[in-house]
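Worksheet for the structure shown next.
Residue indices begin at 1 and follow the sequence shown. Each ligand, and each atom within it, is numbered from 1 in the order the structure gives. Below, all heavy atoms of this structure are taken into account, side chains as well, without hydrogens, waters or symmetry copies.
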Amino acid sequence: MIAPGAAKAYGVDMTWLVQPRLINDPFSDPGLFVDFRFGRRALLFDLGDLTPLSPRELLRVSHVFVSHAHMDHFSGFDALLRVCLHRAEPLALIGPAGFADRVAAKLAAYTWNLLDETSLDLAIEVDEFDGCIRRRSRFRARAAFAREELEPPPLAPDVVLEDDEFSVEAVVLDHGTPCLAFALQERLRVNVWREKLTRMGLPVGSWLNAAKLAIRRGDPDDSVVAVNAARTVTLGELRQEALQIARGQRIAYVVDAAGHEANSERAARLARGADHLFIEAAFADEDAALADERRHLTAGAAGRIAKLAGARRVIPFHFSPRYVHRPDLLPEQVNRAFHG
Ligand SMILES: [Zn+2]
């Protein structure tokens with residue numbers, strides 16, 4: 001199963017920034033919930049059936065990455081909006097070209113006459129990605145969700161989100177329609193040796209979070225961190241004495257894609273070295289003709305992409321219901337291609 005969110009080993013606090021989990025069983029709507037440590041924030045990949053997620057979990061969602069607007073990937077928008085409508089924090093959505101029109105159409109389906117300048121001002125920001133973020137639109141509650149156009153953010157090509165602690169990359173795959181695949185890359189993972197901290201005469205406290213953040217950002221060794229009003233320490237001293245620094249996790253999410261070479265190469269490049277590769281395996285290898293026709297991956301194609309990517313762990317999902325009575329078939333075919 002997936003590694004625990006936090007585990008103590010050999011006196012080191014192993015800190016996983018995020019923990020990913022599929023929202024539904026592999027035969028139901030696709031979607032990934034990525035929860036941050038200590039439940040302070042969450043991300044969603046795709047917006048199909050969200051029923052298993054609690055309102056509390058949905059309220060934590062800051063960003064939603066939508067692969068494409070087929071119903072099984074987007075019909076959960078209403079459920080998310082229903083819960084987030086009366087919150088003040090913005091909600092960001094990232095989708096393929098034309099996606100803001102889909103969001104506008106969803107918002108236009110409701111009557112908003114009770115929203116005015118006294119309402120909590122939920123702002124929904126929608127970015128459209130087609131190799132880079134080409135367009136940003138905003139829909140604000142106090143404006144009855146009328147659409148405004150904003151400047152797109154200045155991000156590198158292939159990047160859809162830069163955060164202090166992680167970034168998210170995207171590629172466009174061909175599914176008969178553009179379909180986005182995503183990869184979340186944690187920045188460096190910083191673990192603290194408690195005993196060594198004590199030996200340095202330093203207390204545990206919230207100042208450690210600031211120090212970890214500075215290291216993930218790549219701040220230089222002579223940067224000074226305030227421990228409390230009376231004590232400071234440099235990042236270099238901490239790094240040398242009390243911290244263990246490791247690369248961050250990479251989590252890739254690949255759904256709905258035709259099994260041709262261009263897609264496979266693009267998906268494998270995105271998922272390179274992924275610790276967790278969540279990938280659709282819609283059809284069995286013997287039904288390759290059907291997979292071609294529907295522009296989906298076969299289990300074998302999914303396993304080959306995982307192998308090409310050098311993924312550490314592959315989690316196949318988004319299985320066609322035609323195999324519901326043979327639940328082991330698709331995972332076996334994925335694994336055979338992955339290890340073959
Ligand atoms: Zn689709």
Side-chain angles (χ1 to χ4, degrees), residues 20 22-33 43-52 64-80 93-106 126-131 160 168-183 251-268 270-271 277-285 287-306 314-324 330 333-334:
L22 287 173
I23 298 167
N24 296 297
D25 72 77
F27 289 98
S28 302
D29 284 2
L32 187 69
F33 185 69
L43 308 174
L44 268 177
F45 291 83
D46 273 338
L47 275 181
D49 182 1
L50 303 180
T51 316
V64 188
F65 304 87
V66 178
S67 60
H68 63 305
H70 281 161
M71 273 197 89
D72 50 337
H73 301 257
F74 191 45
S75 65
F77 176 84
D78 287 21
L80 179 65
L93 291 111
I94 295 97
F99 184 57
D101 291 342
R102 312 292 183 169
V103 174
K106 286 270 194 192
V126 182
D127 287 346
E128 294 183 5
F129 177 87
D130 69 353
V160 291
V168 179
E169 298 160 37
V171 292
V172 182
L173 301 179
D174 160 35
H175 172 48
T177 182
C179 177
L180 305 186
F182 300 100
I251 298 164
Y253 179 85
V254 178
V255 286
D256 300 29
H260 55 62
E261 211 177 309
N263 268 351
S264 300
E265 279 174 8
R266 241 174 273 162
L270 176 83
L277 167 57
F278 294 87
I279 187 164
E280 77 148 352
F283 292 97
D285 293 347
D287 295 322
L290 200 55
D292 264 359
E293 191 185 304
R294 307 269 172 91
R295 308 273 184 154
H296 276 285
L297 294 176
T298 59
R304 284 189 292 278
I305 290 170
V314 57
I315 305 99
F317 71 117
H318 204 4
F319 302 161
S320 162
R322 67 178 49 230
Y323 309 107
V324 77
L330 297 167
Q333 292 187 347
V334 171

*Between His318 and His296, is any side-chain donor less than 3.5 angstrom from a side-chain acceptor?*
no

_Residue pair His73 / Ser67, side-chain donor-acceptor N/O under 3.5 Å_ = yes

*Tell me, which protein N/O/S atoms are under 2.8 Å away from the Zn ion (ligand 1)?*
His68 NE2, His70 ND1, His175 NE2, Asp256 OD2

_Distance check, rounded to the nearest 0.5 Å: Leu80 atom CG versus Lys106 atom NZ?_
11.0 Å

*Atom CG in Leu50, atom CG in Asp78: separation rounded to 0.5 Å?*
10.0 Å

*Could you pull out all residues at least two apart from Asp256 that satisfy salt bridge (charged side-chain N to carboxylate O under 4.0 Å, His left out)?*
none

*Check Pro52 against Asn24 and note the closest heavy-atom contact, atom names and distance.*
CG-OD1, 3.2 Å

